[in-house]
Q: 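Got a structure here, written out as structure tokens. Questions coming.
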Amino acid sequence: MGDQLHGAGLKPADYASSQEVRWCPGCGDYAILKAVRKTMADVGASLENTLVISGIGCAARFPYYMATYGFHTIHGRAPTIASGAMLANPDLDVWIITGDGDALAIGGNHFIHLLRRNFNCQILLFNNEIYGLTKGQYSPTSRENTRSPSTPMGSVDTPLSASHVALGAGGRFVARAVDTQQKQLVDILTKAYQHKGTSFVEIFQNCIVYNDGVFDPFTDKKNVADHQIYVEHQKPMIFGADSDKGIIVDAGFNLKPAKLDAGAPPLIHDETNRSLAFMLAEQTPPDGPMVMGVLYQHPNDTYQTRVKQQIKTAQSNNKRSINGFLRDGTTWTVK
Amino acid sequence: MGDQLHGAGLKPADYASSQEVRWCPGCGDYAILKAVRKTMADVGASLENTLVISGIGCAARFPYYMATYGFHTIHGRAPTIASGAMLANPDLDVWIITGDGDALAIGGNHFIHLLRRNFNCQILLFNNEIYGLTKGQYSPTSRENTRSPSTPMGSVDTPLSASHVALGAGGRFVARAVDTQQKQLVDILTKAYQHKGTSFVEIFQNCIVYNDGVFDPFTDKKNVADHQIYVEHQKPMIFGADSDKGIIVDAGFNLKPAKLDAGAPPLIHDETNRSLAFMLAEQTPPDGPMVMGVLYQHPNDTYQTRVKQQIKTAQSNNKRSINGFLRDGTTWTVK
Amino acid sequence: MTDMAKSQPAPRSDRGPSSKATNDGSMETAIVRIAGDSGDGVQLVGGRFSINSALAGNDLVTFPDFPADIRAPTGSIYGVSAYQLHFGGRNIKTIGDHVDVLVAFNPAALKTNLPLLAKGGILILDSSGFSATNLRKAGYETSPLEDNSLDGYQLVQLDIGKMTMLAATPFNLTKKHALRCKNFFALGLLFWLFDRDPSKTAAWIKEKFAGRPEIADANVAAMNAGHSHGETIELSGDISKIHVPTYQMEPGLYRAITGADAMAYGLATAAELSNRQLVMASYPITPSTNILHKLANMKELGVMTFQAEDEIAAAGAALGASYAGALGVTASSGPGVALKMEMIGLAVATELPLIIINSQRAGPSTGLPTKTEQSDLYQSVFGRNGDAPLPVLAARSPGDSFYCAIEAARIAQKYMTPVILLTDGFINNTSEPWSIPDIDDLPRIEVPNRTDPSDYKPYERDEKTLARAWAIPGTPGLEHRIGGLERDALTGAVSYSPENHQKMSELRAQKVANIGFDIEELTVDQGDESGDLVVVGWGSTYGPISRSVTTMRAKGYAVSHVHLRHIFPFPTNQCELLSRFKRILVPEMNMGQLITLMKAMDCPAASGLTKLEGQPFMVSELEVAISDAIKEVKNG
Amino acid sequence: MTDMAKSQPAPRSDRGPSSKATNDGSMETAIVRIAGDSGDGVQLVGGRFSINSALAGNDLVTFPDFPADIRAPTGSIYGVSAYQLHFGGRNIKTIGDHVDVLVAFNPAALKTNLPLLAKGGILILDSSGFSATNLRKAGYETSPLEDNSLDGYQLVQLDIGKMTMLAATPFNLTKKHALRCKNFFALGLLFWLFDRDPSKTAAWIKEKFAGRPEIADANVAAMNAGHSHGETIELSGDISKIHVPTYQMEPGLYRAITGADAMAYGLATAAELSNRQLVMASYPITPSTNILHKLANMKELGVMTFQAEDEIAAAGAALGASYAGALGVTASSGPGVALKMEMIGLAVATELPLIIINSQRAGPSTGLPTKTEQSDLYQSVFGRNGDAPLPVLAARSPGDSFYCAIEAARIAQKYMTPVILLTDGFINNTSEPWSIPDIDDLPRIEVPNRTDPSDYKPYERDEKTLARAWAIPGTPGLEHRIGGLERDALTGAVSYSPENHQKMSELRAQKVANIGFDIEELTVDQGDESGDLVVVGWGSTYGPISRSVTTMRAKGYAVSHVHLRHIFPFPTNQCELLSRFKRILVPEMNMGQLITLMKAMDCPAASGLTKLEGQPFMVSELEVAISDAIKEVKNG
Ligand SMILES: Cc1ncc(C[n+]2csc(CCOP(=O)(O)OP(=O)(O)O)c2C)c(N)n1
Ligand SMILES: Cc1ncc(C[n+]2csc(CCOP(=O)(O)OP(=O)(O)O)c2C)c(N)n1
Ligand code: SF4
Ligand code: SF4
Ligand SMILES: [Mg+2]
Ligand SMILES: [Mg+2]
């Protein structure tokens, strides 16, 4: 979002409310909180014009920890309440905070509709691939065979991939980051903030209590270099500790990782190519590297802009008062 | 779905209930009804084992017109009820009938979760890009700027593309057809029936009353050849009245239509390539041809199979009776 | 809920003859019904006849009776569309128990509507619609035109099709287009029958079809042909003109208005009166959708409408809009409101204004979407998890919807609370003449909007209203956090304290209970302040109850009428007022929901009269019930 | 809803001393509470102490009191987890108003739990937890170990940390692991205090930690150390052993059971008794989720569980399962049930069996998810659009949940109707000894399953139950269509007929009303069949009411206890039974919802006693209310 109202040189700490932060010690949510406060300070967000809205879940406690306006709503519905707030005040800086259950189980429908409407806001999905708050049941992003209290023999459903859902729904900014990779995360949050329209950021967040280490295959220090790639627009997609691997297209029209010395040059990332983003999101360790960064960004008019425009047009065409409306059509006078 | 219980040589008419069909004269739904009955006869579906479940909308009246079991449920929720029915009886032949509002507005969440779970059933979305039953409001698939009673100055939201949503959700059979192109439609419905897992078929259906002709750009007789392509697995993607056009990939990693004489050979359709399907679904007239047929098909275990398997495993491991369960853990006797 | 008497109306075929249906050329009020295929344009000409009647000085109530199907096959029973108009020389309160003049364009229209026609009533049939196919589609074995089954009516059988074609000949229309003017032929005939001047309608037709003058001309010609054909009929002596006297309404500027339109106008007016933007978020559902449609056309006023992806989202968007300082409204019908309940609970918890309009329809579940009912009272008052009280209002008529919307907005904002406003399918679609207010004369609505940052506590309350302040995002210095977890009674921070939960529960209840003191006292709508019987109604039973009380009073019965606007909380004088009557009768279009609530609120004992037929009470049903009740009073 | 008296319990700090808290070495019942950080393992040893007490022949009730947060920082106030056990030599019905013995592992645990400890009670503190940091985190300015603020208690202050480490030394654990055995040291001490044999627990520990013998050994050693340390204390004369007599329960085979487990077993049993597959579809929500967890572990029985994408889907899947011939069940809590209401309406309309379990928690909205309440009665009885009656039941205790599940399944299937079964957070988590039934002794459940295709009409009804037949997809010849639109009373085809809608509405109401005749008559649970006062309760208030009535009767008051299992419809003798008492008192953990329903159902006038503190009534609160009510009876 926008550049309308700026906080005058606030520091990250100035975005902290007085409430004690109550996530489990070691929870990835702390790192995200830190990155969001830092991003706000970096972009100079104003306290009064910033609204943080969440559903229910561990992630959803986020608004309590911010010194801005905050609304901890009900499970899965934050996008709806945010949409209404943005209709009433199109210039609010809105951050929606959600979890994988909140956004993709109960809130799946609102999630896709927020994206297609392209309201100007950020939506940060704290994906820990588990229901934290209700004590560890599997979620729609949990991998197949996840053992949890509700799936003691392992889950049987294929998980949703948040980025694919977002792209399928027509989202125009789709990005990914890791809770503890602060620099990257702040970078991406800043880009999300700057993008006009709905910016979707999936943040892989470690739930130390119920799903500890589930992202280790690409977030563990020893795996980052070889199993993660950070993509940037117009740059070749190269990764590996020795920058010796890249993403290429194979003959069967599939993306795949390859040693660069093998001949084929790495693809150049084009963040405006939605299908490319879709293919990048398909890469998963151990076969492919997990793709981080802005997978897709292709701005379009925001919902707020279009709605405002219609009202402006209507008013400039022919502005009647309410009294005028009440009197339109056939009327007659009784004496 | 399956081959378990077969109707013994039933004719299409045998699948008709005694209820009078009550869509508007000229509605595309009639053609779809005809095609479904024909498909059932072709595949030899049994009456007693077939269950047609719908939500609410014009399309959703469908079950009343079938001589099978039928459940006209509530708006948007047919997938949930169907899921429960399939859990209780994994061998039922279930057809879910839905509209663009039913499936993608109120029912969007159940739609994506049905697909990701891969319950073995068919879901037919009658997409008329409008809310028929409630008299013509725009729907999530209505094009931008659709004027309707609720959007008198034109709609401002970007429509959802049903195929993209389905692919994004992890659907493993995604196909498209046109109401009046009977042969094609019956072909696709048959493939959908034969596919094990959730088969999603989007059927472009003309609402003669509220959205007449909205698909003419590719369904009108004069446009079919040049603005539609019917893709088949392993076949080159060629179209045009003179079969002189094909779909190719350009340098920027985008699909596009092209004159075949221009040199580049047409792509061969690979229905197991999900990203290709995603790109094919992006083609829209007038720029590209509208792609019909099976865009994607890539079977996986069905939900029913996996659930049954778990129960089997649990039972073979260590089958206790209820009395056994009641007595597990610490017990003591009072005399 | 158990001891309900059920009204026992006479079987429909035995209805009438109307006491007022005379043949001497004059009727105090007349009920006309035009019925045909959906495509026959009966709604259009019905509307014109209504406007014409209003201009002619009648009071009136109209009722469009749409088929449940979008567009059924021609000639089918379920494709019949009808328009009913009750007009006359007195205050008109109902659509009428029976019909005096029925126009039927085909056998299906005859079959479905004849039961409504009073014995001896005028029956105008278009014989061109009575083809063998159409007779079969309507299920007639023999043609009613030929088997004397219509003997008890004043039958006017005309080949309207042919006469319309003739009239349209000069304008070179296709046969199909020419035939489409049939409705205006019938209108012309009705104009003749009631001695009306068709000229204004001719002007209207010309304007409406300005782009296609040949169609305009053909319609005008058809109407004139119908009008002149009346003279021919008169000469033949079959029927004669009917004189309906005018009614002296309160002076003022009038228009016809439906409940849906009045509701939309009322919401927009309320927003203006409270200096808020109106944000209306809805998901289409019959019969509430018209409110959304109307407001969508009011962008000039800055009104924002939002068609959400479902009802939950609609309620969420409306609540979000209120949170951000707008007047948030959502409208739906029973099944849709069911989906909103969790969100309404959040509005109760966060104490934000929100208006939820429920256009009731027959339930349970999908029920009969196009039929009216009053069966969502339980849902409104009790339908949330937890102790989550909120005010509930009900509109009684189209015009009243306007004022109820304003009252709902006043309460919602003054008390920072969600309000459920009940209307129904009947009120939404029916129309009546309405004295147009000047909104500059209406009292402004005060909102507890706060901008002062000093010592701000999100849940600090106004001493009198117990409302917390409305601190709107964007306001510097008022940044705060709210949510659905129980909140500290002052700071709004999450609180698990047992004492705080008890206190907040009591405060929420008290705040809503207090509203009972801030609404107009309940008064007797008609009749004495005490007596043998009071009929207590709410919502759209207003018309039939009011009319039946008038007629029964005229017959000397000591009956009064009290009509509730406030369903929860009740006005504080309600129990006392009702206790002045020996007996209380509560007619409802449900299984007795208001009665249940009255008992729960310790109102004096009452008996119920229930009806679940998807249509309003008939005046005659109520008359019988009133006379029975008074008989019981007399007998001890 | 308005005239509720509110109970006025004494402020918590003034509670006690317990009349029965003696120092002579014997107590009829004792209440022990162990409190510490979430990670301290208090739930584990609490459970072991309970089992041990049961085996020792006590009756008991246990209550795990979890923090609202998942895992709060160590030492924090909101991270305190506690386990309470009330056991003794009589029938135990409540968790106890106060605590006789409190074990606190750190300052936060002391701070939050001390108010529960009776004056003169035994307070065991682990001084190793009382670091300066922890004192600060708990908000103590000075250490309570040093400022004499604990003078009124029998203080036992021990360095449990150090003693545990010593005991664990032989097993070469890390310091962290060794310290984790603290809880077993405390358990050993408690075993000594109540003169218990720790050997069975030692065996259990060895089995539980079979994979890590060094941990097992350390825990056993810690427990034994705690036990022997008791002797040291005894010698010092600070406190002495307490003897709690045994209670002669009905003979039988027993186990400890929580409400959630009993509910799950009851559902599985009901499915077996009706020869149906159980399909349980749910979306996790506190405090209902445990039912899902338990059933998910019962696949051996063919039980299917389905974690849906939301509550609507869960209800839909359960209904779909029922439609396809299984016993469909869904469970949630208030906010989740709100979302299911539209689907429940469809179940009412289509007349399919369905069980909806609501584990109530404090509302409105998200409310206090981990706290108990009874405030979803309105929602259950009235919370649907349209006239959509359905039976509502409420379980009163953990063990009762088992039988209520079976009763709900019986009614749902026999009458082809959705049934709402209420339980709550307290019942779900609390546990008690339970006499295990042999399911072969339980009556089988008849289901109206139909396979005969001849003359099948989908809405034809059984004359007696008014239930339609259950015709299951897959059955040849019974193919039919149903839905939410109003259905013809015989064929089930869509019907817009006014008369049919009236008839169906009445049939639906009648069918549910009839259930009132098919349930056990209401009986007096305790006390005489008439008298000065009857206390009427429902759900989890059973224990406190029952105990208070016992004690008050012992004091000579003419008070009886009646407890409802059937909330809707009421048993047919309810009004008559209650009318035999001079006064009726209805304690509820809500703002008076049952009272409202009783008024609506014409029960004799009653007064309410409401509590919304997220926790059960105390016996003393009820005793005061009973004595006040009887005083009023006596005074006129
Ligand atoms: C209507 C409703 N249903 C269910 C719940 C219970 N609930 C709270 S949070 C949650 C899921 C949390 O998972 P996620 O969104 O992934 O957040 P996390 O706790 O993992 O951050 C559930 C099921 C609720 N509060 N409200
Ligand atoms: C809970 C609920 N909300 C809204 C409605 C009203 N409604 C019925 S059908 C429909 C949309 C129909 O559109 P679609 O699904 O595209 O079907 P079509 O009529 O076009 O075939 C709506 C909004 C309803 N019946 N129930
Ligand atoms: S349960 Fe998991 S997600 Fe929730 S606060 Fe704890 S570590 Fe974080
Ligand atoms: S409204 Fe449209 S979709 Fe509905 S029946 Fe008529 S033509 Fe078909
Ligand atoms: Mg999560
Ligand atoms: Mg549609």
Side-chain angles (χ1 to χ4, degrees), chain B residues 5 17 19 46-54 56 63-64 66-89 91-92 109-110 112-113 307 310-311 313-315 317-335, chain D residues 51 54-55 57 248-256 265 268-269 272 277 279 281 298-302 304 306 308-310 312-326 328 342-343 346 350 436-440 473-485 493-494:
Chain B
L5 272 174
S17 76
Q19 289 229 0
S46 88
L47 292 181
E48 73 267 22
N49 208 47
T50 301
L51 171 56
V52 185
I53 303 198
S54 65
I56 300 279
Y64 291 123
M66 299 294 298
T68 63
Y69 282 90
F71 200 164
H72 180 221
T73 70
I74 49 179
H75 197 31
R77 318 299 176 189
T80 72
I81 295 170
S83 300
M86 289 183 279
L87 284 174
N89 183 349
D91 301 320
L92 283 178
N109 201 29
H110 313 305
I112 63 180
H113 284 275
V307 168
Q310 283 200 340
I311 292 201
T313 309
Q315 293 186 333
N317 288 350
N318 176 21
K319 180 153 183 164
R320 274 171 300 175
S321 66
I322 298 202
N323 270 334
F325 265 95
L326 291 179
R327 284 157 185 78
D328 68 5
T330 309
T331 59
W332 67 96
T333 302
V334 174
K335 288 199 190 92
Chain D
I51 293 291
L55 295 175
Q248 180 55 49
M249 293 200 266
E250 289 289 303
L253 180 68
Y254 282 79
R255 61 174 292 164
Y265 287 137
T269 302
E272 177 109 352
Q277 177 167 38
V279 176
M298 294 170 76
K299 292 197 174 44
E300 292 164 58
L301 295 174
M304 267 187 194
F306 180 66
E309 60 270 26
D310 62 19
I312 302 175
L319 182 62
S322 281
Y323 170 68
E342 193 201 5
M343 191 64 73
L346 180 64
T350 51
I436 307 173
D438 183 338
I439 82 136
D440 298 332
T475 317
L478 295 187
E479 297 84 2
H480 66 283
R481 274 65 55 192
I482 57 171
L485 285 164
V494 175

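Below, each value reflects all heavy atoms present in this structure, side chains not excepted, and no hydrogens, waters or symmetry copies. By convention in this document, chain letters (A, B, ...) are assigned in the order of the sequence lines, proteins followed by strands, and residues within each chain are numbered from 1. All values derive from a computational prediction rather than experimental measurement.
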Q: Can you list the residues that meet the side chain to side chain contact (heavy atoms under 4.5 Å, CB included) rule with D:Ala317, with sequence neighbours excluded?
A: D:Ala281, D:Phe306

Q: So which part of B:Thr73 gets closer than 4.5 Å to some heavy atom of chain D, the side chain, the backbone, both or neither?
A: both

Q: To the closest 0.5 Å, what do you measure between CG (B:Leu51) and CD (D:Glu479)?
A: 11.0 Å

Q: Could you grab the distance from atom OH of D:Tyr254 to atom OG1 of B:Thr331, nearest 0.5 Å is fine?
A: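 Nearest 0.5 Å value for the OH-OG1 distance: 12.5 Å.
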
Q: Given that the side chain runs from C-beta out, which part of D:Thr350 has a heavy atom under 4.5 Å from chain B: side chain, backbone, both or neither?
A: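 Answer is side chain: those atoms of D:Thr350 sit under 4.5 Å from chain B.
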
Q: Who among D:Gly57, D:Gly325, D:Gly302 has the most heavy-atom pairs with chain B under 4.5 Å?
A: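 The option with the most such pairs is D:Gly302.
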
Q: I want to check something: taking the side chain as every heavy atom from C-beta on, are B:Thr80 and D:Met343 in contact at a cut-off of under 4.5 Å?
A: yes

Q: Where on B:Lys319 is there a heavy atom nearer than 4.5 Å to chain D: the side chain, the backbone, both, or neither?
A: both

Q: Can you say whether B:Leu326 sits under 4.5 Å from chain D via the side chain, the backbone, both, or neither, judging by heavy atoms?
A: both

Q: In terms of heavy-atom pairs under 4.5 Å, which option from B:Ala82, B:Ala85, B:Gly324 contacts chain D the most?
A: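 Highest number of heavy-atom pairs under 4.5 Å: B:Ala85.
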
Q: So, the side chain of B:Tyr69 versus the backbone of D:Thr475: is there a donor-acceptor pair under 3.5 Å, distance only?
A: yes

Q: Would you say B:Arg320's side chain and D:Glu300's backbone share a donor-acceptor pair under 3.5 angstrom?
A: no

Q: Among D:Leu478, D:Ile51, D:Leu319, D:Thr269, single out the residue with the greatest number of heavy-atom pairs under 4.5 Å to chain B.
A: D:Leu478

Q: What option among B:Lys335, B:His110, B:Arg77 has the most heavy-atom pairs under 4.5 Å with chain D?
A: B:His110

Q: Going by side chain to side chain contact (heavy atoms under 4.5 Å, CB included), name the residues that satisfy it together with B:Gln310, two or more places apart in sequence or in a different chain.
A: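 For B:Gln310, the residues satisfying side chain to side chain contact (heavy atoms under 4.5 Å, CB included) (neighbours in sequence not counted) are A:Met153, A:Val156, D:Lys299.
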
Q: Just so I understand: if I count every heavy-atom pair under 4.5 Å between each of D:Ile439, D:Val494, D:Val279 and chain B, which residue has the most?
A: D:Ile439

Q: Relative to chain D, which segment of B:Met86 carries a heavy atom at a distance below 4.5 Å: side chain, backbone, both, or neither?
A: neither

Q: Which pair of heavy atoms, one from D:Arg255 and one from B:Thr330, lies closest together, and at what distance?
A: CB-O, 3.6 Å

Q: Indicate the atoms forming the closest heavy-atom contact of D:Ala493 with B:Gln19, along with that distance.
A: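 Closest pair (atom of D:Ala493, atom of B:Gln19, distance): CB-NE2, 3.4 Å.
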
Q: Do you know the tightest heavy-atom contact between B:Ser17 and D:Arg481?
A: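 For B:Ser17 versus D:Arg481, the nearest heavy atoms are CB-NH2, 3.7 Å.
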
Q: Closest heavy-atom contact between B:Ala88 and D:Ala326?
A: CB-CB, 3.7 Å

Q: Between D:Leu346 and chain B, which part of the residue has a heavy atom less than 4.5 Å away: side chain, backbone, both or neither?
A: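 Only the side chain of D:Leu346 comes within 4.5 Å of chain B.
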
Q: Below 4.5 Å, heavy-atom pairs only: which of B:Ser321, B:Ala314, B:Pro63 has the largest tally toward chain D?
A: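 That would be B:Ala314.
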
Q: Between chain B and each of D:Pro437, D:Ala308, D:Ala54, D:Ala256, count heavy-atom pairs under 4.5 Å; write down the option with the most.
A: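 The option with the most such pairs is D:Ala54.
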
Q: Quick one: what part of D:Ile482 sits under 4.5 Å from any heavy atom of chain B, side chain, backbone, both or neither?
A: both

Q: When only pairs under 4.5 Å are counted, which of D:Pro473, D:Ala268, D:Ala321 shares the most heavy-atom pairs with chain B?
A: D:Pro473

Q: Do B:Asn109 and D:Ile312 have side chains that approach each other closer than 4.5 Å (heavy atoms only, starting at C-beta)?
A: no

Q: Identify which part of D:Asp310 has an atom lying under 4.5 Å from any heavy atom of chain B, answering side chain, backbone, both or neither.
A: side chain

Q: May I ask you to test the D:Glu250-B:Val334 pair for a side-chain heavy-atom distance under 4.5 Å?
A: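 Not in contact.
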
Q: Please classify the contact between D:Gln277 and chain B as side chain, backbone, both or neither, with a heavy-atom cut-off of under 4.5 Å.
A: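 For D:Gln277, the contact with chain B is made by the side chain alone.
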
Q: Show the nearest heavy-atom pair for residues B:Ile311 and D:Met304, with the distance to one decimal.
A: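 Smallest interatomic distance, heavy atoms only, reads CD1-CG, 3.6 Å.
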
Q: At a 4.5 Å cut-off on heavy atoms, which part of B:Thr50 comes close to chain D: side chain, backbone, both, or neither?
A: neither

Q: Answer with side chain, backbone, both or neither: which region of D:Gln248 has an atom nearer than 4.5 Å to a non-hydrogen atom of chain B?
A: side chain

Q: Got a donor-acceptor contact below 3.5 angstrom from the D:Asp438 side chain to the B:Asn323 backbone?
A: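 Side chain of D:Asp438 to backbone of B:Asn323, a donor-acceptor pair under 3.5 Å: no, none is there.
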
Q: Hey, are the side chains of B:Ile322 and D:Met298 touching, using non-hydrogen atoms and a 4.5 Å cut-off?
A: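 Side-chain contact under 4.5 Å: no.
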
Q: Using modelled atom types and a 3.5 Å cut-off, is there a donor and acceptor pairing between side-chain atoms of B:Glu48 and backbone atoms of D:Gly474?
A: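 Checking the backbone N and O of D:Gly474 against the side chain of B:Glu48, no donor-acceptor pair under 3.5 Å is found.
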
Q: Measure the acute angle between the ring planes of D:Tyr323 and B:Phe71, then classify it against the limits of 30° and 60° as parallel, tilted or perpendicular.
A: tilted

